[in-house]
Structures are given as structure tokens and as C-alpha cells.
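Structure first, then comments.
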Amino acid sequence: MTSTVNPSTPRRTDARRTLRSVADLLDAGLVTPEQAPELEQVARQYATAIPPAFAALIETPDDPIARQVIPDAAECHTEAVEDPDPIGDDALSPVPGIVHRYADRALLKPLLVCPLYCRFCFRREHVGPGGGVLDDAALARALDWLRTHTDIHEVVMTGGDPLMLSPRRMRAIIAALETMDHIHTIRIHTRVPVADPARLDDAMADALDTTRSMWVVAHINHARELTPQARAAIRRVQARAIPVLGQSVLLRGVNDTPDALEALLRAQVSARIRPYYLHQLDPAPGTARFHVPIREGQRLLASLRGRVTGIAWPTYVIDIPGGYGKVPIAPDYLHTGADGYLRVTAPDGAIHRLARERG
């Protein structure tokens, strides 16, 4: 969205209130009255929520932070390749709250509410304030499904955002998973540490304590998201011996330059977060403005080889549309020459033959 809002206009946002409506965005000086009618149309289809901590990071209405969360009229346009369920969650859901795509693990979605609603979200057709939580009966059915499927060794809690649960409900779910001997690993996928870091307080961090292998995967797309408050929230988890991984989505206008991506990866490592995945954008409806072609993404990541430590190197992945699984699409440094010998490309672009290896 190219905005005509004057970036020097004083912001009138209530620092204690989440921005949820077009009126809120107007009051905050983030959209113009001229944009309002089209944005009201967007609002009828997709939720908006920008918590105070995240809103405070917005410097201009079209900067890399704002672009992720301020609605745009383009969201009402759906391209032919876009799909309301781009990675096939619905077809792979045996009971409400469960997605089973891989043999040894399953997703548990206890709620469909988030602290903020990203404009590129692949579950944007499902999440929102009306998404709510699984009621006690539905949660019991989901847990029973996990209990009876002893080939499942890992549970990935997602949603929505599981850290929007109360600490009490989070403890109860983890306690239930602990009764299942076949569950060895629990993962929490969340945007809370950067979107609403105060929510990840000591009570929530304590609720994540478990006898199982617990991992938190934080969704972070820009270096500026890792504020002192976000880092403090992450440290509360790390202080309880829970490792934190980072995942990001490659987004046009957000992190699609070598400098922006390098800064993001370095910021994660400096916060003791291991970059885990760089996701190719899933083709959800109305998200075309964020699309970066795969070949461009490969070149972008390759430009950082040798420039950033391997600790900061994520796996570039795509979820194959239709629910066929996630696969790496990283740059390929190895190829076979005409003589049958393997060649490898060095970080500086020079090509070297591996004399002992044939294709």
C-alpha cells in the first residue's frame, strides 16, 4: 500500500489499546480517509489487530513493520493461484483442532486467535476474533486422538497463537500431553514474543515447563521486531532451559533485500535464537503483493553465504500447495560438469571441481 499519510503527523494512538478497526487506524494516522471505504470492505473479510507494542514500531504507514499488519485494498483481489487453504490443513484434519500431515507429528490448534493479524497469513480465512478456542469437549476429543495415535512423537501447538491461552489452560494441555508416553517433543509456534511481549510473563513461561523436550519457535520477520521487551520475553523462556528457534516468511517490502535479511538473521542470533526456517510465502487469498519469486529468494539467500555465520543460516522451505508437505528449496551449490565430475560453487562464486567425485 502506498500511503499519502504524512509520516510527520502526530500519532494519537492510545498506547494501551490494540488497533482493531479502520476507525482505530484513522485515529492513529496510519491510513487516510480516502482509503477508508476500501479498507472497510477488507475488514468485512479479514480481521485486524495491532497490539500497542507492535504499533509502536511503525515509523511510517508503508514501512516494513506497517506493511505486515496494516490492511490494504489489494487483499480483496484473489489471484488464480491463491487458495483459502493453501497448504491443505482442512483435508488433513481428522478431528477439530488436529492436523496430521507427517507420520511422526501432528499439529494441535487449541485456538484460532492471534495477538496480531498478519496480512499475509496462510490461515487468514480461519483466524480472527470469532475463531475462539476449542471448548472442553472439542479439546478432549483432540487430546484423545493424540492419545490413541501412538505413532505421533511430536506435537506442534499452533493456531492462532497458543500463547494467547491463559497460563492455567496452557498448563492443563501440557499436563495432558505429558500423560502420553509416546509424545516426546512439544513445540510452541508463536508471534507473541514480538507482537505482545508482556503476555509472555513469568506465569506463562512457568506454564511451559515440562518433562518433555519443549521448543518455542518465534515468528519474526524484521530485525526491528526484536525490541528490548521482546528480548526480555524470550529470555524468560530461555531461562527455563527452553531453546528458542526463529522462523520468518520471505516478504516483498519487508525482508527481501540482502541487508534486511542479514539484519534479521543477525538480530535473532544476538538474542540466542537459532534461525530455523525461511518460508516461501504461501499463496493465501489477497497476498500477492508480498510474493517474492523462488529464484529471487534463492539468490538472496545465496548472497549471504560466507557473509553471515552458519549459525544464522535458516532452511529456505516451501509448503507444497495442496498439503503435500514442506521441502527445502535452498540454493544449489553442487552440479555435475560435462566430464562427469562434480563441481561446487564457493561463496565468492568461483566454481571448483571435486577431483575425487564423479556424479
Quiz prompt | Positive for side-chain contact (heavy atoms from CB on, under 4.5 Å) with Ile174, one of Met214, Arg212, Arg169 | solution = Met214

Please determine whether a side-chain nitrogen of the Lys or Arg among [X] and [Y] lies less than 4.0 Å from a carboxylate oxygen of the Asp or Glu.
X: Arg236; Y: Asp201; answer: no
X: Arg240; Y: Asp206; answer: yes
X: Asp144; Y: Arg141; answer: no
X: Arg307; Y: Asp259; answer: yes
X: Asp209; Y: Arg171; answer: no
X: Arg17; Y: Asp24; answer: yes

Self-check item: Stepwise side chain to side chain contact (heavy atoms under 4.5 Å, CB included) check, Leu334 with Arg343
Solution: CA-CA 6 Å; Leu334 194 67; Arg343 262 102 172 143; over 6 Å; no

Shortest non-hydrogen contact between [X] and [Y], atoms and distance:
X: Gly29; Y: Pro61; value: O-CG, 4.1 Å
X: Ser248; Y: Gln268; value: OG-NE2, 3.7 Å
X: Thr287; Y: Leu281; value: O-CD2, 3.5 Å
X: Ala203; Y: Pro167; value: O-CB, 3.8 Å
X: Ala176; Y: Arg147; value: O-NH2, 4.4 Å
X: Leu165; Y: Met170; value: CD1-CE, 4.2 Å

Got a donor-acceptor contact below 3.5 angstrom from the [X] side chain to the [Y] backbone?
X: Asn255; Y: Leu261; answer: no
X: Arg224; Y: Leu57; answer: yes
X: Asn221; Y: Val249; answer: yes
X: Asp63; Y: Glu59; answer: yes
X: His219; Y: Val192; answer: no
X: Glu82; Y: Ala288; answer: yes
X: Arg124; Y: Arg119; answer: yes
X: Gln45; Y: Val42; answer: no
X: His182; Y: Asp151; answer: no
X: Arg305; Y: Ala346; answer: no

Nearest 0.5 Å, what's the [atom1]-[atom2] distance between [X] and [Y]?
X: Leu146; Y: Leu107; atom1: CG; atom2: CG; value: 10.0 Å
X: Glu75; Y: Glu38; atom1: CD; atom2: CD; value: 11.5 Å
X: Arg266; Y: Thr309; atom1: CZ; atom2: OG1; value: 8.0 Å
X: Leu301; Y: Ile329; atom1: CG; atom2: CD1; value: 9.5 Å
X: His335; Y: Leu342; atom1: NE2; atom2: CG; value: 9.0 Å
X: Tyr277; Y: Ile318; atom1: OH; atom2: CD1; value: 13.0 Å

Exercise. Output all residues satisfying side-chain contact (heavy atoms from CB on, under 4.5 Å) with Ala74, sequence neighbours left out; order by chain, then residue number.
Key: Asp72, Arg289

Determine whether [X] and [Y] make a side-chain contact, defined as any pair of heavy atoms from C-beta on separated by less than 4.5 Å.
X: Pro285; Y: Asp83; result: no
X: Ile183; Y: His153; result: no
X: Val237; Y: Leu200; result: yes
X: Lys326; Y: Arg101; result: no
X: Gln247; Y: His279; result: yes

Quiz prompt | Within residues 91-100 or reaching into it, pairs that qualify as side chain to side chain donor-acceptor pair (under 3.5 Å) - sequence neighbours excluded | solution = none

Quiz prompt | Step-by-step side chain to side chain contact (heavy atoms under 4.5 Å, CB included) determination, Val69 to Phe54 | solution = CA-CA 9 Å; Val69 293; Phe54 208 81; 3.7 Å; yes

Less than 3.5 Å apart, any donor N or O on the side chain of [X] or [Y] sitting next to an acceptor on the other?
X: Tyr316; Y: Gln280; result: yes
X: Gln41; Y: Arg44; result: no
X: Tyr102; Y: Glu154; result: no

Quiz item: Relative to the ring of Trp145, is the ring of His149 parallel (under 30°), tilted (30 to 60°) or perpendicular (over 60°)?
Solution: parallel

Would [X] and [Y] show up in the same hydrophobic cluster when neighbours are defined by side-chain heavy atoms closer than 4.5 Å?
X: Ile188; Y: Met180; result: yes
X: Leu226; Y: Leu304; result: yes
X: Leu300; Y: Phe120; result: no
X: Val308; Y: Leu250; result: yes
X: Ile311; Y: Leu278; result: no

Quiz prompt | Worked verdict on Met164 versus Arg199 for side chain to side chain contact (heavy atoms under 4.5 Å, CB included) | solution = CA-CA 8 Å; Met164 293 294 284; Arg199 181 175 287 275; 3.4 Å; yes

Practice problem: Please lay out, stage by stage, how Gln35 and Glu40 fare under the test side-chain hydrogen bond (donor to acceptor under 3.5 Å, both in side chains). | Solution: CA-CA 9 Å; Gln35 293 169 318; Glu40 291 288 4; over 6 Å; no

Self-check item: side chain to side chain donor-acceptor pair (under 3.5 Å), paired with Arg123, selected from Thr158, Asp85, Asp282
Solution: Thr158

With a cut-off of 6.0 Å (strictly less than), are more than 12 heavy atoms of other residues, nucleotides or ligands near [atom1] of [X]?
X: Arg272; atom1: CZ; result: no
X: Gln238; atom1: CD; result: yes
X: Tyr324; atom1: OH; result: no
X: Arg235; atom1: CZ; result: no

Quiz prompt | Cation-aromatic face contact Arg252/Phe290, 6.0 Å, 45 degrees | solution = no

Exercise. Apply side chain to side chain contact (heavy atoms under 4.5 Å, CB included) to the pair Leu26 and Thr32, showing each step before the final yes or no.
Key: CA-CA 6 Å; Leu26 283 165; Thr32 67; 5.6 Å; no

